[in-house]
Amino acid sequence: MHTAAGSQARLPIRSDMDLVWVRQHVRQTAAQLGFGLVDQTKLVTAASELARNTLVYGGGGTMETESLPGGATPGLRLTFSDEGPGIPDLEQALSDGFTSGEGLGMGLGGARRLVHEFSIDSSPGAGTTVRVASWVGRPPRPREEA
């Protein structure tokens, strides 16, 4: 799937095969936007963790990608949404080392460190939406205080 600057795509997350498609799409889109291999890998790793969370904890959902035209520094925004049970304790879920025993073991906190922007909106019974964004060539963001 070719993604031009400013374009969007929406992929379902309903099965393990969809997780493969999510990773492939994020890698291809990041490469087309000019992300280097290391930054592509960071985005794919974050996307893989967030997509797995969407599937395992949210009961499935979607990933939307949006390429962000930025002149010399284009970017990529990924939005993961589900209508699952929500996250009862966001602070705990974002803390380093917190894992439920599923996924890559890096958790939300690990995914947050791999991208330039990270936001999460979740409440019990109302599902979860996680948005992340990164820009080509931008240095990593400083570690946030817990």
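These numbers were taken from a predicted model, which means no experiment stands behind them.
- Q40 contributes atom CD, which lies 10.0 Å from atom CD of Q32 (distance to the nearest 0.5 angstrom).
- The shortest non-hydrogen separation linking T128 to S122 is OG1-OG, 2.8 Å.
- The shortest heavy-atom contact between R14 and D18 is N-OD2, 2.7 Å.
- Hydrophobic clustering (side-chain heavy atoms under 4.5 Å, transitive across Ile, Leu, Val, Met, Phe, Trp, Tyr) groups L55 together with M17.
- Each of V44, L78, L11 was scored for a side-chain contact (heavy atoms from CB on, under 4.5 Å) with H25, with one residue passing: L11.
- Contact of the T45 side chain with the S48 side chain is not registered, since no non-hydrogen atoms from C-beta on lie closer than 4.5 Å.
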Task: E117 vs W135, side-chain contact (heavy atoms from CB on, under 4.5 Å): CA-CA, chis, key distance, verdict - done: CA-CA 9 Å; E117 292 183 7; W135 281 265; 3.2 Å; yes
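- Residue-environment remark: CZ (R131) stays at or below the threshold of 12 foreign heavy atoms within 6.0 Å.
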Open item on the list: Please determine whether side-chain contact (heavy atoms from CB on, under 4.5 Å) holds for the pair I87 and L108, giving the CA-CA distance in whole Å, both sets of side-chain angles, and the decisive distance to 0.1 Å.
Closed with: CA-CA 11 Å; I87 301 171; L108 292 172; 3.9 Å; yes
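- Separating the CZ atom in R10 from the OG atom in S81 is a distance of 7.0 Å, to the nearest 0.5 Å.
- Minimum interatomic distance between L114 and A46 (heavy atoms only, all atoms of both residues): CD1-N, 3.9 Å.
- Put simply, the side chain of L43 does not reach to within 4.5 Å of the side chain of T29, judged on heavy atoms.
- Closest heavy-atom contact between L33 and V136: O-CG2, 3.5 Å.
- Taking 4.5 Å as the limit, some side-chain heavy atom of R27 sits within range of a side-chain heavy atom of L37.
- Side-chain atoms of D39 do not come within 3.5 Å of backbone N or O of F35 as any donor-acceptor pair.
- Minimum heavy-atom separation, L68 to A133: CD1-CB, 4.4 Å.
- The closest donor-acceptor contact from the side chain of T54 to the backbone of F80 lies at 3.5 Å or more, if one exists at all.
- A distance-only check finds no donor-acceptor pair linking the side chain of D121 to the backbone of T129 [under 3.5 Å].
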Open item on the list: Working note: M63 + V26, criterion side-chain contact (heavy atoms from CB on, under 4.5 Å); need CA distance, chi angles, decisive distance, verdict.
Closed with: CA-CA 10 Å; M63 177 189 75; V26 170; 3.8 Å; yes
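- Rounded to the nearest 0.5 Å, atoms CZ (R112) and CG (L50) are 11.5 Å apart.
- Using a 4.5 Å heavy-atom threshold, the side chains of R52 and L19 count as touching.
- Dense packing is recorded around CD of E64, with more than 12 heavy atoms of other residues, nucleotides or ligands lying under 6.0 Å away.
- Going from atom OG1 of T65 over to atom CD of Q8 covers 7.5 Å, rounded to the nearest 0.5 Å.
- In this structure a side-chain-to-backbone donor-acceptor pair under 3.5 Å is present from E49 to G107.
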